[in-house]
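I have placed the structure first, in the form of structure tokens, so that the comments after it can refer back to it.
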Amino acid sequence: VYGMSGLVGALIAGAVLAALGTRLMLLARDAGSRRAVLRLLFGRASPLADGLLGFFWLAMLAVMLSGAGALGASLGLSETACSLVLASVVFALSLGGARALTLSNMVAAPLVIVVMGGASACSLVYHHAELEPMMTVSSVPSSVLTDSVYYASYNLAMCLPALSSLPAM
């Protein structure tokens, strides 16, 4: 749908997320906890940042549960049952702590990469897209660059609890 600018945006977002995620894990290793990381990043405003992140985490959970229900409905399954299954999985992973979250990500991340890579390749073949030489950052429309950074930033904030607990493991 978004053509070459979408591909460039995805690559920019991935690079920003990888670079800043690595930096956040290193910061967490030195700081020792999520709250300590927030204190380093936001100073005296860290309780406000922590509260806002908590709100966004709850909103993200609501979106995930809605998405599970919508996916279930599109497959002819019960929306409520699909949402309850996802809620049960999230609850079970939460009880398992950082190790369970890490293990689930070790399984889910490669699966998502393979599925999304396959879907992208099929889309490029289906739409007869030609991979022209990559654009330089200065030739990318500003909205692609800004949107990519916003996307990476939001996802980095959503990953903060997991990323800040990894160095302790």
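All values below come from the heavy atoms of this structure, side chains included, with hydrogens, waters and symmetry mates left out. On a predicted model such as this, the values are computed, not experimentally measured, just so you know.
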> Can you list the steps and then say if L53 with L38 is a side chain to side chain contact (heavy atoms under 4.5 Å, CB included)?
Replying inline: CA-CA 10 Å; L53 285 173; L38 289 174; 3.8 Å; yes
>> Just verifying a value: how many Å separate L71 CG and S66 OG, rounded to the nearest 0.5 Å?
In response: 12.5 Å
> Of the non-hydrogen atoms in A68 and L86, which two are nearest, and what is the gap between them?
Replying inline: CB-CD2, 3.7 Å
>> I'd like to know if the side chain of S83 and the backbone of T80 have a donor-acceptor N/O pair within less than 3.5 Å.
In response: no
>> Can you give me the closest heavy-atom contact between W57 and A157, atom names plus distance?
In response: NE1-O, 3.5 Å
>> How close do S148 and G9 get, counting heavy atoms only, and between which atoms?
In response: OG-O, 2.9 Å
>> So, taking the atom named OH in Y150 and the one named CG in L145, what distance separates them when rounded to the nearest 0.5 Å?
In response: 10.0 Å
> Does atom OH of Y154 have more than 12 heavy-atom neighbours from other groups under 6.0 Å away?
Replying inline: yes
>> Clusters formed by hydrophobic residues whose side-chain heavy atoms approach within less than 4.5 Å: which one holds V63, and what are its other members?
In response: none
>> Holding to side chain to side chain donor-acceptor pair (under 3.5 Å), I want the full list of residues that pass it with R35, two or more places apart in sequence or in another chain.
In response: D50
>> For M64, is the CE atom crowded, meaning more than 12 foreign heavy atoms sit under 6.0 Å from it?
In response: yes
If you look only at distance, which donor and acceptor atoms sit under 3.5 Å apart when one is on a side chain in residues 16-28 and the other is two or more places apart or in another chain?
{"from": "T22", "atom 1": "OG1", "to": "A18", "atom 2": "O", "distance (Å)": "2.8"}

>> Minimum heavy-atom separation for A49 and F42, please, with both atom names.
In response: CB-CD1, 3.6 Å
>> Minimum heavy-atom separation for A36 and A31, please, with both atom names.
In response: CB-O, 3.5 Å
>> To check you understand the geometry: which heavy-atom pair defines the closest contact between E79 and G69, and what is its length?
In response: CG-O, 3.3 Å
>> For the CE atom of M106 and the CG atom of L111, what is their distance to the nearest 0.5 Å?
In response: 14.0 Å
